[in-house]
*Asks:* 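The structure that follows is given in the form of structure tokens.
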2 protein chains.
Amino acid sequence: MTTGTDHPRRTRIQQEKRELILEAALEVFSTNGFRGSTIDQIAEAAGMSKPNLLYYFRRKEDIHETLMQRLLDTWLAPLRELDDIGDPLTELRSYIRRKLEMARDFPRESRLFANEILQGAPRIMPLLAGELKTLVDEKAAVIKGWMRAGKIARTDPWHLIFSIWATTQHYADFDVQVRAVLGPNRGGDGRFEDAARFLEQLFLDGLKPKT
Amino acid sequence: MTTGTDHPRRTRIQQEKRELILEAALEVFSTNGFRGSTIDQIAEAAGMSKPNLLYYFRRKEDIHETLMQRLLDTWLAPLRELDDIGDPLTELRSYIRRKLEMARDFPRESRLFANEILQGAPRIMPLLAGELKTLVDEKAAVIKGWMRAGKIARTDPWHLIFSIWATTQHYADFDVQVRAVLGPNRGGDGRFEDAARFLEQLFLDGLKPKT
DNA sequence: CAAATTTTTGACCGATTGGACAAACGTTAG
DNA sequence: CTAACGTTTGTCCAATCGGTCAAAAATTTG
């Protein structure tokens, strides 16, 4: 092992240029979708010629695939961290907060994912029905345990997870609409804190067991 | 006025064929986005040749624009109906129900809209910042009135509306993911009723004023 | 240094794209 | 029936698409 990872052996330039391309491709793919994006667009955004880009990634699909693989690892990290050890309400609250922070800090990744799902998930369908389903089922079981123990209100764990995904990712995927509706005053940087406050109230008061 | 509407005068065949094209275009645009869709795809889905399609709509953009105009009217109807006359909690509950029904019955329209927003809303931005913002502000004022009257819990009306949009449209836009995660058993036709039950509990228990 | 290797580029390819156009075909009113 | 009008199609076009290739330029290695 000379490269430090199990990647194919790569030079310094290859590392840097591939990173540059992936960064540019994230920008382009996330706003135009796969079919709507062109290699020329990505190459221009990366500041290189098309043949040069194709020297690092032989096909357009290879770029998208690499981007997608990286995305899913980090994207599901917050859910993986959802654990049985802490206080249930606190765990859920911090899961929501983490997801909202990801929508704020990685909106392009969120949109890339949304584009893929919107188009029928042709490239990651097996992953959804396999790895993702397994993870969600596992966490749903944890949540069910909390419900049985009376720590949170009884409801559908799967749809609870969906609603957390939907509400948080909304601030990345529909950002344009959110800012347009909130207007210049409330649509500024503070909108994520407002959203955090609102979501905390919505979910916690809704989930709190009757006292 | 001979045609009964203010449309340009059209023959029977034009009416029918234009409808056929719009139906096909809805299918294609909603799954591939604007740039990712081709006139040939739409023509084939509509069962006609490309030149024939271009006889009814001179440009690809014209089809998309027509589709978009129709969409927005029906899409915002549920929010327009949100009224000050009924019981606040009942009003909100039926708004959520109506939006969920639209996600179930018109998923392609939802995806068409999602695609447009995801791509930065280049074709409807003025509408968002104009008509839509006005409508939401108006309804937010209604909701604020309910809060002041102690009918529902105090929270941010704008983000409340966002969360209703997000959670309901999720079942149309991310349908593939929802079904993959729920699996064959729970991902069938009953999933919308499960979602309705869950959302009602989430929102109502969260909004109920402290007694 | 010089040789070997890696990186970059310009020119090019066939396929597909959005769209134009005139000719052919259908339909209908007089 | 026939002339006028509406509809459909085959052909064509310039631009753009994803991708190739050989040669030039830059870099690394000995």
Side-chain angles (χ1 to χ4, degrees), chain A residues 2-4 7-68 115-116 119 122-123, chain B residues 2-3 7-68 112 115-116 119 122-123:
Chain A
T2 56
T3 52
H7 289 310
R9 184 187 301 252
R10 294 200 178 107
T11 68
R12 175 187 53 88
I13 292 184
Q14 276 171 346
Q15 292 275 9
E16 290 171 5
K17 291 295 171 87
R18 282 176 62 95
E19 222 51 48
L20 210 76
I21 292 168
L22 289 172
E23 157 69 22
L26 176 60
E27 188 74 29
V28 175
F29 279 141
S30 67
T31 56
N32 295 113
F34 181 76
R35 290 207 51 189
S37 304
T38 71
I39 300 183
D40 293 272
Q41 282 179 310
I42 300 171
E44 195 197 331
M48 62 180 70
S49 65
K50 181 169 63 170
N52 197 8
L53 182 148
L54 285 165
Y55 170 71
Y56 294 103
F57 291 91
R58 297 163 75 146
R59 295 179 312 150
K60 183 184 169 186
E61 271 209 57
D62 291 349
I63 311 175
H64 191 268
E65 196 184 317
T66 305
L67 227 39
M68 222 59 193
N115 256 306
E116 175 70 11
Q119 289 164 19
R123 282 166 281 271
Chain B
T2 55
T3 52
H7 290 311
R9 184 187 301 252
R10 295 201 177 107
T11 68
R12 176 186 52 88
I13 293 184
Q14 276 172 346
Q15 292 275 8
E16 291 172 4
K17 291 296 172 84
R18 281 176 63 95
E19 223 50 49
L20 210 75
I21 292 168
L22 289 172
E23 158 68 24
L26 176 59
E27 187 72 30
V28 175
F29 279 142
S30 67
T31 57
N32 295 112
F34 181 77
R35 291 208 51 190
S37 302
T38 71
I39 300 182
D40 293 271
Q41 283 179 310
I42 299 171
E44 195 196 333
M48 62 180 70
S49 65
K50 181 170 65 171
N52 196 7
L53 184 147
L54 285 166
Y55 170 71
Y56 294 103
F57 291 92
R58 296 161 77 140
R59 295 178 313 151
K60 181 183 169 186
E61 271 208 57
D62 292 348
I63 311 175
H64 191 268
E65 196 183 317
T66 305
L67 227 38
M68 222 58 192
L112 179 67
N115 257 308
E116 176 69 11
Q119 290 164 18
R123 281 166 282 269

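In this text the structure is predicted, and so the values were computed from the model without any measurement. Below, chains carry the letters A, B, ... as their sequence lines are ordered, and counting in each starts from 1.
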*Asks:* Check the pair R123(B), E65(B) against salt bridge (charged side-chain N to carboxylate O under 4.0 Å, His left out), reporting the backbone distance first and the verdict last.
*Replies:* CA-CA 8 Å; R123(B) 281 166 282 269; E65(B) 196 183 317; over 6 Å; no

*Asks:* Taking the side chain of K17(B) as heavy atoms from C-beta outward, which of dT17(C), dT9(C), dT8(D) is closest to it?
*Replies:* dT8(D)

*Asks:* When the distance from CG of D62(B) to P of dG18(C) is rounded to whole Å, what number comes out?
*Replies:* 14 Å

*Asks:* Quickly work out the F57(B) CZ to dT7(D) P distance and round it to whole Å.
*Replies:* 13 Å

*Asks:* Within less than 4.0 Å of OP1 or OP2 of dT7(D), is there a side-chain N or O belonging to N52(B)?
*Replies:* no

*Asks:* Does any non-hydrogen side-chain atom of F34(B) lie less than 4.5 Å from one of K60(B)?
*Replies:* yes

*Asks:* For L53(A) and dT8(C), what is the distance between atoms CG and C1' respectively, to the nearest whole Å?
*Replies:* 12 Å

*Asks:* So does Q14(A) get a side-chain nitrogen or oxygen closer than 4.0 Å to the phosphate oxygens (OP1/OP2) of dT7(C)?
*Replies:* yes

*Asks:* Between D40(A) and R58(A), who's closer to the 5' end of DNA chain D by nearest nucleotide?
*Replies:* D40(A)

*Asks:* Given side chains that start at C-beta, do those of I39(B) and F57(B) come closer than 4.5 Å, heavy atoms only?
*Replies:* no

*Asks:* What does K50(A) touch in the nucleic acid at a heavy-atom separation under 4.0 angstrom: a base, only the sugar-phosphate, or nothing?
*Replies:* base

*Asks:* Could you check how far CD of E44(A) sits from C1' of dT16(D), rounded to whole Å?
*Replies:* 14 Å

*Asks:* To the nearest Å, how far apart are Q15(B) CD and dG6(D) P?
*Replies:* 15 Å

*Asks:* To the nearest angstrom, how far is E16(A) atom CD from dT27(D) atom P?
*Replies:* 12 Å

*Asks:* For Q41(A) and P51(A), find the nucleotide of DNA chain D closest to each by heavy atoms; which residue's nucleotide sits nearer the 5' end?
*Replies:* Q41(A)

*Asks:* Any side-chain N or O of Y55(B) less than 4.0 Å from the OP1 or OP2 oxygen of dT7(D)?
*Replies:* yes

*Asks:* Please determine whether a side-chain nitrogen or oxygen atom of S49(B) lies at a distance below 4.0 Å from atom OP1 or OP2 of dT8(D).
*Replies:* no

*Asks:* With the side chain of L54(A) defined as its heavy atoms from C-beta on, choose the nearest nucleotide among dT7(D), dG19(D), dG19(C).
*Replies:* dG19(D)

*Asks:* Toward the 5' end of DNA chain C, which comes first, Y56(A) or R35(A), by nearest nucleotide?
*Replies:* Y56(A)

*Asks:* Check N115(B) against F29(B) and note the closest heavy-atom contact, atom names and distance.
*Replies:* ND2-O, 3.7 Å

*Asks:* Take atom CD1 of I21(B) and atom P of dT8(D), then tell me their distance rounded to the nearest Å.
*Replies:* 9 Å

*Asks:* As a test of reading the structure: which of dG18(D), dT7(D), dG19(C) is closest to the side chain of I39(A), going by heavy atoms?
*Replies:* dG18(D)

*Asks:* Within a strict 4.5 Å, meaning less than it, do heavy atoms of the T38(B) and K50(B) side chains meet?
*Replies:* no

